[in-house]
**Q** 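Below is one structure. I have some questions about it.
It should be emphasised that the depicted structure is a prediction, and the values quoted were computed from it without experimental measurement. To find a chain, count down the sequence lines: A is the first, B the second, and so on, and within it residues start at 1.
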There are 2 protein chains.
Amino acid sequence: MSARDKAISSTLGYALLGLLAREERSGYDLTQALKNPVGYFWFAQHSQVYPELARLETAGLVAHTLIEQADRPDKKVYRLTDMGRAALSAWLNADTELPRKRDELVLKAYSIWLADPAAAARMMREHAQTHAAHLAEFQSGLSNLEGEAGAALWQPDSPWFGVHAVLRRGIGYEREYSEWCEWLAQCLEGTEKGSP
Amino acid sequence: MSARDKAISSTLGYALLGLLAREERSGYDLTQALKNPVGYFWFAQHSQVYPELARLETAGLVAHTLIEQADRPDKKVYRLTDMGRAALSAWLNADTELPRKRDELVLKAYSIWLADPAAAARMMREHAQTHAAHLAEFQSGLSNLEGEAGAALWQPDSPWFGVHAVLRRGIGYEREYSEWCEWLAQCLEGTEKGSP
DNA sequence: TGGGTATATGTCAAGATAGACCTATGTCTG
DNA sequence: CAGACATAGGTCTATCTTGACATATACCCA
């Protein structure tokens, strides 16, 4: 407890290290990767990514090379150092705290008895569709991955396996969310559905 | 767009208003309510609750009465004002943004190909058990609610309906999460399971 | 008597995050 | 030709959130 165990970075830092463990990327690329569909589990703006990369570099976990480009702005391509890889491994083995869930729609559901049922049902149905769309996206992402990665999808030491795991979580999450919205919409419309 | 539409409060503010719409509570009570099991959808420390209540009161959305107690410290019991109820309704009808998911365990899953499979499998199984325990909690919560609320559970204008909706979401979420952890653990152990 | 827990209300500092702002270049579209 | 968009890098401010610190009473248990 005496020394600073966390030493360097926030969870965002490990997200970036996890991406760089697969391939070298610029800050811009990292920010893109932190979006749909794989990066759905952790999001950050570029205004967070650039300072975090600087911190990681100061700590010796990543290093960059300046790439001069004629047709585009120059870029800094970052790669993982040995220390960075070690830090990533240590983090993987450390205890993981439960995420604190904060979901405004569920919060609204708690007060939905104060709302107009018809309007609320419309709202829930819209969200059901949104999550169904995400579900479809993740499902097609997994299909594409199968084509790309083949059997490596199921090998726990393959980078593809990580993508596979995350996509599967996304599929389960979005399916459940969409179904819940549908269920709630049906309740609000008075067409009762099955028991809890 | 000219005027400040959000006028007053953050999402936490609406969480508090939603609780106060059901019954008067002190800041301490609100903080407790923001914990298990119903408040699993939004969490805040008391250090956030007290200042937020002060802001809500300044905005005229809540009001408090000082209750002097002999056996315990005095407390301020807050109640919703008419303006507060109106603000809550307006919020319910407004668009809801998608939550930005941040889940450290899923983030680890993305890099799990770098970890020791056996250790990772143990970790995932532990999390599976944690979520299974939450699932059981929510399920028994729903059972208790059935006894307490009866048919009101299914009436969209009853406060019980809100609790019902949230619990159902919790049940679906925890079930899915637990199953995903189990699936991942099995993959890591080499005992392959069904197709995606 | 000392320590832990529950009740009750707050403040403060540090860090995380969002959203706006800023500068460039090149391409594509109306 | 103007404006939008993608690429590429950054800063800055305000707010959100956490976790520690602070204070006080009453109860229970060793």
**Q** Between P on D:dC27 and CG on B:Asp71, what's the gap in Å once rounded to a whole number?
**A**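 Roughly 7 Å, once rounded to whole Å.
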**Q** Are the charged groups of A:Glu57 and A:Arg55 less than 4.0 angstrom apart, N to O?
**A**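 So A:Glu57 does not pair with A:Arg55 through a salt bridge.
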**Q** Does any N or O in the side chain of B:Thr81 come within less than 3.5 Å of the main-chain N or O of B:Leu61, such that one atom is a donor and the other an acceptor?
**A**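 Looks like yes, one N/O pair under 3.5 Å.
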**Q** Starting from B:Tyr50, walk the hydrophobic network (Ile, Leu, Val, Met, Phe, Trp, Tyr; side-chain heavy atoms closer than 4.5 Å) and list everyone else you reach, by chain and number.
**A**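 Members other than B:Tyr50 - counting any ILVMFWY side chain reachable under 4.5 Å - are B:Tyr28.
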**Q** When you check the gap from the basic side-chain N to the acidic O, do A:Arg125 and A:Glu189 get nearer than 4.0 Å?
**A**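 Answer for the salt bridge query: yes.
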**Q** Within 45° of the six-membered ring axis of A:Trp91 and under 6.0 Å from that ring's centre, is NZ or CZ of B:Lys108 located there?
**A**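 Judged by the rule (NZ or CZ under 6.0 Å from the ring centre, within 45° of its axis), B:Lys108 counts as positioned above A:Trp91.
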**Q** From C-beta outward on B:Ser26, which listed nucleotide comes closest to its side chain: C:dT7, D:dT18, C:dT9?
**A**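 Between C:dT7, D:dT18, C:dT9, the one nearest the side chain of B:Ser26 would be C:dT9.
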**Q** Give each protein N/O atom lying under 3.5 Å from an N/O atom of nucleotides 2-4 of chain D, with the pair distance.
**A**
none

**Q** Measure from CZ on B:Phe43 to P on D:dC16 and round the result to the nearest Å.
**A**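 One finds 17 Å between P of D:dC16 and CZ of B:Phe43, rounded.
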**Q** Which of the following nucleotides, C:dT7, C:dA18, D:dG9, is nearest to the side chain of B:Arg100?
**A**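 Among the listed nucleotides, the one closest to the side chain of B:Arg100 is C:dA18.
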**Q** Regarding A:Glu104 and A:Arg102, does a basic nitrogen lie under 4.0 Å from an acidic carboxylate oxygen?
**A**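 No.
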**Q** Among the candidates C:dT7, D:dT7, D:dG19, find the nucleotide nearest to the side-chain atoms of B:Arg72.
**A**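 The nucleotide sitting nearest to the side chain is C:dT7.
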**Q** How many whole angstroms separate atom CD of A:Glu68 from atom P of D:dA8?
**A**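 These atoms are roughly 14 Å apart.
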**Q** How many Å lie between CZ on B:Arg102 and P on D:dC16, as a whole number?
**A**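 About 15 Å, once rounded to whole Å.
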**Q** Could you run down the sub-3.5 Å N/O contacts of the protein with nucleotides 10-13 of chain D?
**A**
unit_1: D:dG10; atom_1: OP1; unit_2: A:Lys76; atom_2: NZ; d: 2.5
unit_1: D:dG10; atom_1: N7; unit_2: A:His46; atom_2: NE2; d: 3.3
unit_1: D:dG10; atom_1: O6; unit_2: A:His46; atom_2: NE2; d: 2.6

**Q** Between A:Tyr28 (OH) and D:dA6 (P), how many Å, whole number?
**A**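 Rounded to whole Å, this separation is 7 Å.
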**Q** Any donor-acceptor pair under 3.5 Å linking the side-chain atoms of A:Thr65 with those of A:Arg79?
**A**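 Present: a donor and an acceptor within the cut-off.
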**Q** Determine the interplanar angle of the B:Phe138 and B:Tyr40 rings, folded into 0 to 90°, and report it as parallel if under 30°, tilted if 30 to 60°, perpendicular if over 60°.
**A**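 Rings of B:Phe138 and B:Tyr40: tilted, 30 to 60°.
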**Q** Roughly how many Å is it from CD in A:Glu97 to C1' in C:dA16, rounded to a whole number?
**A**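 Result: 15 Å.
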**Q** Which nucleotide wins on minimum distance to the side chain of B:Asp29, given the candidates D:dT17, C:dA8, C:dG19?
**A**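 Selected nucleotide (nearest to the side chain): C:dA8.
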**Q** Is the distance from OP1 or OP2 of C:dG19 to the nearest side-chain N or O of A:Gln45 less than 4.0 Å?
**A**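 Checking C:dG19 against A:Gln45, a side-chain N or O does come within under 4.0 Å of OP1 or OP2.
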**Q** B:Pro73 or A:Ala44: which one's nearest nucleotide on DNA chain C is closer to the 5' end?
**A**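 In this pair, the answer is B:Pro73.
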**Q** Quick one: B:Asp74 CG to D:dA26 P, roughly how many Å, whole number?
**A**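 For the pair B:Asp74 CG and D:dA26 P, the rounded distance is 11 Å.
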**Q** Under 6.0 Å from the ring centre and within 45 degrees of the ring axis: does the NZ or CZ of A:Arg169 meet both conditions for the six-membered ring of B:Tyr177?
**A**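 A:Arg169 over B:Tyr177 ring: yes.
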**Q** Within this structure, what is the CG-to-C1' distance between A:Leu16 and C:dT17, rounded to whole angstrom?
**A**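 Answer to the nearest Å: 14 Å.
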